[in-house]
2 protein chains.
Amino acid sequence: MVDRSTQARPVGRKDARRNYERLLTTARTAFAEHGVGASLNDIARTAGVGNVTLYRHFPTRQALLEALLGESLRGLKARSDELLASPSPHQALATWLTAAVEHAMAYRGLVDALVESLADPTSELHATCQAVKAAGAQLLTRAQHTGTIRPDIDASALFSLIASVAWAAERSPAHRDQLLAVMFDGLHRRVDERA
Amino acid sequence: MVDRSTQARPVGRKDARRNYERLLTTARTAFAEHGVGASLNDIARTAGVGNVTLYRHFPTRQALLEALLGESLRGLKARSDELLASPSPHQALATWLTAAVEHAMAYRGLVDALVESLADPTSELHATCQAVKAAGAQLLTRAQHTGTIRPDIDASALFSLIASVAWAAERSPAHRDQLLAVMFDGLHRRVDERA
DNA sequence: ACCTGAACACCGTTCAAGT
DNA sequence: ACCTGAACACCGTTCAAGT
């Protein structure tokens, strides 16, 4: 697997490295303020850089997002590894789902970009999202094996569920915990349905 | 309450009525093909009408959506009234939720517009969405009174749930039934939690 | 009363031309 | 090797001017 984020970070001319860093910090602020749909020309302008410089460093909006969030998103994989060692598979999944929804809400509109990139192998965010999905898969199957989680859900359905909760919670933050609770209870294998 | 859809339909000059109808049928096709984000200038052009004519009849994109979908969305209220007479409050809610999700998926991107309009009292779709929400509230409280549905959910949380499932199902249609099942099971009051 | 074409300020993307 | 300003084709919205 290619690590695009390292590949993209310039190592040549000093002004190239400086522009790259300026674009990242400016984009972070712009996304935080206007959501991931923030104007790219505007980001370049604010960074004091020609717009083509932005497009050279980050060919797509998703490349910019990967550079900003890749590390934090890959942290969900580490978190999943930790939780695999915890005593309750059921509780471990619940904890991780909450963290995943949190990560997907880092910027307004982010969750759309994440879902899009998972479906698009050419996206710079694709590998990152697949790693998140794989991290969830580990915890999911462990919990399914103990019989507390419904067996008809796979990793990609779980990703959809995380995304749907993040999407709705972004629009009505007051309902976030309820949405999480409904999702997680819905994942629970019902007592009266056990074999 | 003002019925904006009737108010907007022109009754004066013949060309005005004709343009109005042309815009509606053109918009229906455009939304079906490109989602609710379809270009409005393009719709006007295809309808053979000046773009300002479109904006006079439909000041906002939501006005256009209301004209196209208002009747069908208000049908969810009628459906709710019917279902209130059915023997199983629990099953009635399940049936209605499925129908509501279906309606929210009429066009790509529609669910975003619906959620937006519910939060914005000035939107032409606002009253329509509130009617949908109220329709769900009836079935929800009836089912809650019989004790099969968790009591910590209100009508607006239910609307969020419907929207979140519609949003996710639009992006991965294969998971639609699973998403619905998880949501509805999550709404179920658990056997081991009953008083 | 209702219409239209043209203008405006944006957007993402790509161009030719620099140093 | 890396940069920039200007152009391009769009977008939604609004203008002045028609019949």
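Lettering follows sequence order; numbering is per chain, from 1.
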Notebook entry, point to check: Would you call B:His175 and A:Asp154 a side-chain contact if the rule is heavy atoms closer than 4.5 Å?
Noted result: yes

Check: Is the phosphate of D:dC3, meaning OP1 or OP2, less than 4.0 Å from a side-chain N or O of A:Arg56?
Finding: yes

Next item on the list: Starting at atom CZ of B:Arg17, determine the distance to atom P of C:dA1, rounded to an integer number of angstrom.
Entry: 16 Å

Margin query: Please check this pair: side chain of A:His126 against backbone of A:Leu118, looking for a donor-acceptor N/O pair closer than 3.5 Å.
Written below: yes

Item checked: D:dC2 phosphate, OP1 or OP2, under 4.0 Å from A:His57 side-chain N/O -> no

Checklist line | Sidechain N-carboxylate O distance under 4.0 Å for A:Arg79, A:Glu82 | finding: yes

Next item on the list: Please work out which residues in residues 41-52 of chain A have a non-hydrogen atom less than 4.0 Å from an atom of DNA chain D and list them by number.
Entry: A:Gly48, A:Val49, A:Gly50, A:Asn51, A:Val52

Item checked: Whole angstrom value for the distance that separates C1' of C:dT14 from CG of A:Leu54 -> 14 Å

Next item on the list: Go through the side-chain N and O atoms of A:Glu116 and A:Ser123 and say whether any donor and acceptor fall under 3.5 Å apart.
Entry: no

Checklist line | A:Arg61 (side chain) donor-acceptor with A:Val36 (main chain) under 3.5 angstrom | finding: yes

Margin query: Does a side-chain N or O of A:Ser39 approach OP1 or OP2 of C:dC10 to a distance below 4.0 Å, or not?
Written below: no

Checklist line | Aromatic plane relationship, B:His90 with B:Phe184 - under 30° parallel, 30 to 60° tilted, over 60° perpendicular | finding: tilted

Notebook entry, point to check: For A:Leu40 and C:dG12, what is the distance between atoms CG and P respectively, to the nearest whole Å?
Noted result: 5 Å

Check: Is the shortest side-chain N/O distance from A:Thr53 to OP1 or OP2 of D:dT4 below 4.0 Å?
Finding: yes

Check: Please, what dot-bracket string fits DNA chain C when only Watson-Crick and G-U pairs with both distances under 3.5 Å count, crossing ones use [ ] and pairs to another strand use |?
Finding: ||.|||||...|||||.||

Check: Are B:Ser160 and A:Ser172 linked by a side-chain donor-acceptor pair shorter than 3.5 Å?
Finding: yes

Margin query: Would A:Tyr107 and A:Leu69 count as a side-chain contact (heavy atoms from CB on, under 4.5 Å) here? Give the steps.
Written below: CA-CA 10 Å; A:Tyr107 299 124; A:Leu69 297 171; 3.8 Å; yes

Note to self: Quick one, B:Arg56 and B:Tyr20 - any side-chain contact, counting heavy atoms below 4.5 Å?
What the structure shows: no

Next item on the list: In whole angstrom, give the distance that lies between atom CZ of A:Arg22 and atom C1' of D:dC2.
Entry: 15 Å

Note to self: With rounding to the closest Å, how many angstrom separate the C1' atoms on C:dA16 and D:dC3?
What the structure shows: 13 Å

Margin query: Tell me the interatomic distance from B:Gln62, atom CD, to D:dG12, atom P, rounded to whole angstroms.
Written below: 14 Å

Check: Taking the side chain of A:Tyr55 as heavy atoms from C-beta outward, which of D:dG12, D:dC3, C:dG12 is closest to it?
Finding: C:dG12

